[in-house]
Student: 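Okay, handing you the structure first.
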Protein chains: 4
Amino acid sequence: MGPVKGAKGKRMPRAVRERQMLDAAVRTFGQRGYQSASMEEIAELAGVSKPLVYLYLNSKEDLFAACIRREGDALVAAVRAGAQPELAADRQLWAGLAAFFTHTAEHPDGWAVLHRQARTHGEPFAAEVAAMRAEIVAFVTGLIGAAAHESHQGQELDAKDLVGLAQALVGAAESLAGWANETADISAKEAAGTLMNFAWMGLGALMKGERWSPR
Amino acid sequence: MGPVKGAKGKRMPRAVRERQMLDAAVRTFGQRGYQSASMEEIAELAGVSKPLVYLYLNSKEDLFAACIRREGDALVAAVRAGAQPELAADRQLWAGLAAFFTHTAEHPDGWAVLHRQARTHGEPFAAEVAAMRAEIVAFVTGLIGAAAHESHQGQELDAKDLVGLAQALVGAAESLAGWANETADISAKEAAGTLMNFAWMGLGALMKGERWSPR
Amino acid sequence: MGPVKGAKGKRMPRAVRERQMLDAAVRTFGQRGYQSASMEEIAELAGVSKPLVYLYLNSKEDLFAACIRREGDALVAAVRAGAQPELAADRQLWAGLAAFFTHTAEHPDGWAVLHRQARTHGEPFAAEVAAMRAEIVAFVTGLIGAAAHESHQGQELDAKDLVGLAQALVGAAESLAGWANETADISAKEAAGTLMNFAWMGLGALMKGERWSPR
Amino acid sequence: MGPVKGAKGKRMPRAVRERQMLDAAVRTFGQRGYQSASMEEIAELAGVSKPLVYLYLNSKEDLFAACIRREGDALVAAVRAGAQPELAADRQLWAGLAAFFTHTAEHPDGWAVLHRQARTHGEPFAAEVAAMRAEIVAFVTGLIGAAAHESHQGQELDAKDLVGLAQALVGAAESLAGWANETADISAKEAAGTLMNFAWMGLGALMKGERWSPR
DNA sequence: CATGAATGAGCTTTCATTCAT
DNA sequence: AATGAATGAAAGCTCATTCAT
């Protein structure tokens with residue numbers, strides 16, 4: 001593969017070097033996994049020597065944490081940017097989902113770091129990702145709640161149910177992201193549409209008071 | 001923690017020891033992850049020496065694979081046993097979901113091995129889990145399709161859409177399992193109910209021809 | 001390959017069992033080398049369980065020593081049997097060489113144990129083989145000396161020269177044995193003839209007082 | 001024993017360290033054998049840590065191969081340097097033998113690696129040594145052939161016989177090397193002289209058409 | 001007589017991490 | 001600002017050897 005950017009040995013401002021290292025780390029962590037990725041490989045891919053990586057990023061754990069933070073922030077930012085707040089709740093949800101599918105498709109290594117790697121390695125990392133996911137779930141919960149409120153069709157859903165729905169929706173989106181990007185060949189908008197059809201309709205039914213019960 | 005079962009050093013028939021080892025391995029792999037789990041720790045937890053683990057299970061990879069197989073088979077069996085085929089499709093789906101939530105709640109380490117650990121480690125393992133998940137998705141796809149057929153309300157869904165819905169549903173269930181077991185304190189039947197309300201209603205709406213579109 | 005002889009588990013007199021074990025050990029040591037040969041493999045090839053090997057032969061070292069002793073004795077016996085003492089010295093030498101080539105060709109594993117394996121592993125073994133080789137060198141020295149005496153052509157060779165010649169002759173025979181058995185396809189008698197042509201003639205010249213000198 | 005050279009822990013250029021490691025490895029492999037030599041011991045003798053040995057020489061196998069190559073090349077070079085091509089064939093042979101005895105006496109561990117250790121361990125190593133030995137046999141064959149040709153005394157020897165003689169001669173030299181260096185206290189020139197007396201005279205007789213035959 | 005069950009000890013190898021320059 | 005040189009610590013795996021039956 002060779003260095004991501006910049007000629008080896010060139011003096012470069014710290015910020016640039018750091019970005020190169022993070023790029024290399026995300027790629028390596030995403031593809032190899034946390035434990036299998038070696039600092040050696042990351043340094044090589046970044047085009048610098050190992051001690052420099054340590055000088056800038058302290059340790060493998062810190063480096064991994066920095067990757068999680070950067071990729072997590074980028075994902076949340078992308079979703080938030082997609083779901084413009086002036087839109088109606090359903091449009092926001094759709095746009096947020098589309099942004100989510102688009103971003104994960106365009107940053108597969110970053111998504112792998114967040115979704116596959118970070119969650120399988122001890123507390124420091126899992127917690128960070130869990131926090132970010134909680135943020136998204138809260139955001140979705142808000143949208144669903146707002147929608148329910150807008151369509152004031154009487155039946156209020158209690159908070160726990162709302163969160164449960166949001167959890168389900170986020171999980172469905174994660175699952176679809178994997179399916180769409182790896183297996184099937186589905187565009188982000190198609191995926192968002194499929195999910196909205198499914199979820200928004202169900203939500204509508206719920207709010208009309210319809211329920212499924214095992215009788 | 002101490003040994004899972006049996007006094008250390010006691011002579012035991014091979015089958016028993018093997019079960020103890022698998023128990024210890026599932027617990028360790030589930031909590032530490034594949035790479036961080038050491039054979040030493042697994043052996044200790046099983047109350048045996050390392051060489052015995054190798055004698056019976058060959059290698060760390062083989063041991064991990066055996067865990068995946070055992071836990072995967074158990075999960076699939078639990079779901080299949082829950083969803084009795086003589087029931088209507090919706091009841092089957094509900095019962096399958098309830099069984100899924102129950103089983104994952106009762107075997108958190110096994111579920112962690114399957115859902116978090118196995119998918120992050122190279123082809124041999126990821127493939128095995130992917131195959132099992134595909135089996136469940138196919139099962140769910142069948143149920144949804146059958147339901148759609150039973151309620152012959154005209155609008156047929158094409159195959160790809162059906163699979164997409166099943167993917168979303170399975171993802172939602174996985175997400176809810178984590179939420180219900182770790183964060184909230186929700187019973188399996190509650191979780192299954194929440195998901196059915198959401199999904200079955202949405203499905204019903206879809207089959208009546210209702211669609212959401214960004215217009 | 002399967003057990004050398006006898007059905008597994010059958011009760012057999014100790015001597016027979018021991019022979020089977022030694023057969024298996026010679027084969028395994030000869031082909032794998034001392035360190036790479038595992039007691040497991042030897043026991044399996046002998047068709048018995050490991051503890052029985054230990055019961056009869058104490059340890060890997062003892063087992064190896066027993067192999068060396070048995071194969072060494074067999075080789076020396078074969079050579080001595082070939083060189084019948086009533087013959088003239090040259091005929092004895094020729095017959096001894098032929099017997100040596102024949103025996104090594106027919107017992108390649110035993111020869112490998114003696115010639116390749118035993119000499120590369122610490123004192124206990126190397127010494128044993130060295131002793132046997134010294135015996136053969138002494139025997140050859142005697143034959144050469146006798147021949148020199150018989151052909152009383154004046155020039156006596158001093159003892160050290162005699163031993164040196166015997167050393168050279170034995171080394172030449174060892175080398176030819178490898179060459180004849182592994183590389184070329186030469187019969188034992190041909191090999192013995194080649195060596196006699198070379199050595200006996202040289203010896204004859206020496207005894208006529210001819211010498212080579214760098215001048 | 002202590003480190004071969006250089007104070008422990010000192011920073012040194014790679015080439016120097018590598019030489020130290022090879023020195024230590026040759027010594028250890030020569031004395032202990034391939035399997036019994038531990039990387040730990042080699043590293044200690046070289047005055048470095050184990051990881052450094054792996055960093056520079058990759059693996060135990062590679063290290064052993066490097067030893068074989070270095071010692072083998074040195075031996076062949078010494079013999080070739082001894083046998084100056086402008087000399088007559090007999091003088092060349094004598095000088096080559098003397099160089100051989102000298103070199104093996106001065107590098108006993110290297111000689112042990114080549115003659116005892118390398119030949120007992122699997123294909124990669126045995127083949128390398130076999131190739132080198134074949135080179136020497138070919139060289140000797142050439143010398144004998146040239147000598148036979150120079151002393152055009154009618155009787156030509158066929159190719160196979162020549163090679164057989166060379167094999168015998170090389171084997172005799174190997175045997176004498178062990179005898180001279182370990183047991184007796186014989187100088188290289190004495191050993192070369194003994195062997196020449198024996199071999200060259202025998203060769204001369206052969207070329208005069210004399211043969212030994214059993215009758 | 002014979003063995004299934006079990007282990008202590010040691011080996012090669014890898015890797016995050018740090019000096020000294 | 002940057003690196004070549006070096007290591008401590010740990011992990012996977014193997015094997016000769018021994019009990020308990």
Side-chain angles (χ1 to χ4, degrees), chain A residues 8-14 17 35-43 47-56 58-63, chain B residues 8-14 16-18 35-43 47-63, chain C residues 8-14 17 35-43 47-64, chain D residues 8-14 16-18 35-43 47-63:
Chain A
K8 174 158 185 173
K10 266 292 193 192
R11 297 283 175 108
M12 314 195 56
R14 172 160 184 149
R17 277 276 193 244
Q35 306 259 17
S36 295
S38 82
M39 295 297 271
E40 181 94 35
E41 186 179 0
I42 292 171
V48 298
S49 70
K50 251 189 302 179
L52 201 58
V53 179
Y54 279 88
L55 188 62
Y56 283 2
N58 282 325
S59 72
K60 195 183 186 182
E61 291 212 342
D62 284 5
L63 175 55
Chain B
K8 172 155 186 174
K10 269 290 185 198
R11 295 288 178 103
M12 315 196 55
R14 176 171 180 145
V16 176
R17 276 281 191 244
E18 233 175 88
Q35 306 258 20
S36 295
S38 84
M39 294 299 271
E40 179 93 35
E41 185 180 0
I42 291 171
V48 297
S49 67
K50 241 187 318 175
L52 202 59
V53 180
Y54 279 92
L55 189 61
Y56 285 177
L57 288 139
N58 287 325
S59 71
K60 195 181 187 182
E61 290 212 344
D62 282 6
L63 176 54
Chain C
K8 175 160 186 173
K10 266 290 190 192
R11 296 282 175 109
M12 315 195 57
R14 173 162 184 149
R17 278 276 193 243
Q35 305 261 14
S36 296
S38 82
M39 294 298 271
E40 181 94 35
E41 186 179 0
I42 292 171
V48 298
S49 68
K50 252 189 302 179
L52 200 58
V53 180
Y54 280 89
L55 187 63
Y56 283 3
L57 288 139
N58 282 326
S59 71
K60 195 182 187 183
E61 291 211 342
D62 284 5
L63 176 54
F64 192 49
Chain D
K8 171 153 188 176
K10 269 290 186 197
R11 294 289 178 102
M12 315 196 54
R14 176 171 180 144
V16 176
R17 277 280 189 244
E18 233 174 89
Q35 307 257 20
S36 296
S38 83
M39 293 300 271
E40 180 93 35
E41 186 179 0
I42 292 171
V48 297
S49 67
K50 244 186 313 177
L52 201 59
V53 180
Y54 279 91
L55 190 61
Y56 285 178
L57 287 139
N58 286 325
S59 71
K60 195 181 188 182
E61 290 213 344
D62 282 7
L63 176 55

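Since we're looking at a predicted model, the values are computed, not measured.
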Student: For D:N58, give me all partners under side-chain contact (heavy atoms from CB on, under 4.5 Å), at least two apart in sequence or on another chain.
Tutor: D:D62
Student: Which atom pair, heavy atoms only, marks the closest approach of B:S49 to B:A43?
Tutor: C-CB, 3.9 Å
Student: Would you say F:dA6 has OP1 or OP2 under 4.0 Å from some side-chain N or O of D:R17?
Tutor: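 The answer is yes; a side-chain N or O of D:R17 sits under 4.0 Å from OP1 or OP2.
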Student: Sequence neighbours left out, what passes side-chain hydrogen bond (donor to acceptor under 3.5 Å, both in side chains) with C:S36? Give chain and number order.
Tutor: D:Q35
Student: For the side chain of D:Y56, counting heavy atoms from C-beta on, which of E:dT7, F:dA5, E:dT3 is nearest?
Tutor: F:dA5
Student: Mind calculating the distance between CZ (C:F64) and C1' (F:dA16) to the nearest angstrom?
Tutor: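 Distance check: C:F64 CZ to F:dA16 C1' gives 16 Å.
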Student: Check every strand shown and say whether A:R14 touches a base, only sugar-phosphate, or nothing at a heavy-atom separation below 4.0 Å.
Tutor: nothing
Student: Expressed as a whole number of angstroms, how long is the span from B:E41:CD to F:dA10:P?
Tutor: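 It works out to 14 Å between those atoms.
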Student: Could you state the atom-to-atom distance from CG of A:L55 to C1' of F:dG4 in whole Å?
Tutor: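 So the two atoms are 16 Å apart, to the nearest Å.
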Student: Tell me, please, which residues at least two apart from C:Y54 pass side-chain contact (heavy atoms from CB on, under 4.5 Å).
Tutor: C:M39
Student: How far apart are the closest heavy atoms of D:L57 and D:E18, and which atoms are they?
Tutor: CD1-CG, 4.4 Å
Student: What residue pairs, at least two apart or across chains, pass salt bridge (charged side-chain N to carboxylate O under 4.0 Å, His left out) with a residue in residues 49-61 of chain C?
Tutor: C:E40-C:K50
Student: C:L63 has an atom CG; how far is it from atom P of F:dC15, in whole Å?
Tutor: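 Roughly 16 Å, once rounded to whole Å.
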Student: Could you encode protein contacts along nucleotides 15-21 of chain E as a string, one character per nucleotide from 5' to 3', using B for base contact, S for sugar-phosphate-only contact and - for no contact, with a heavy-atom cut-off of under 4.0 Å?
Tutor: BSBBBS-
Student: Pairs counted only when both distances fall under 3.5 Å, Watson-Crick or G-U: show me the 5' to 3' dot-bracket for DNA chain E, [ ] for pseudoknotted crossings and | for other-strand partners.
Tutor: .||||||||||||||||||||
Student: E:dA6 C1' sits how many Å from B:E18 CD, rounded?
Tutor: 15 Å
Student: Could you tell me the separation between the CZ atom of D:R11 and the CZ atom of D:R17, rounded to the nearest 0.5 Å?
Tutor: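 Going from CZ on D:R11 over to CZ on D:R17, the span is 10.0 Å.
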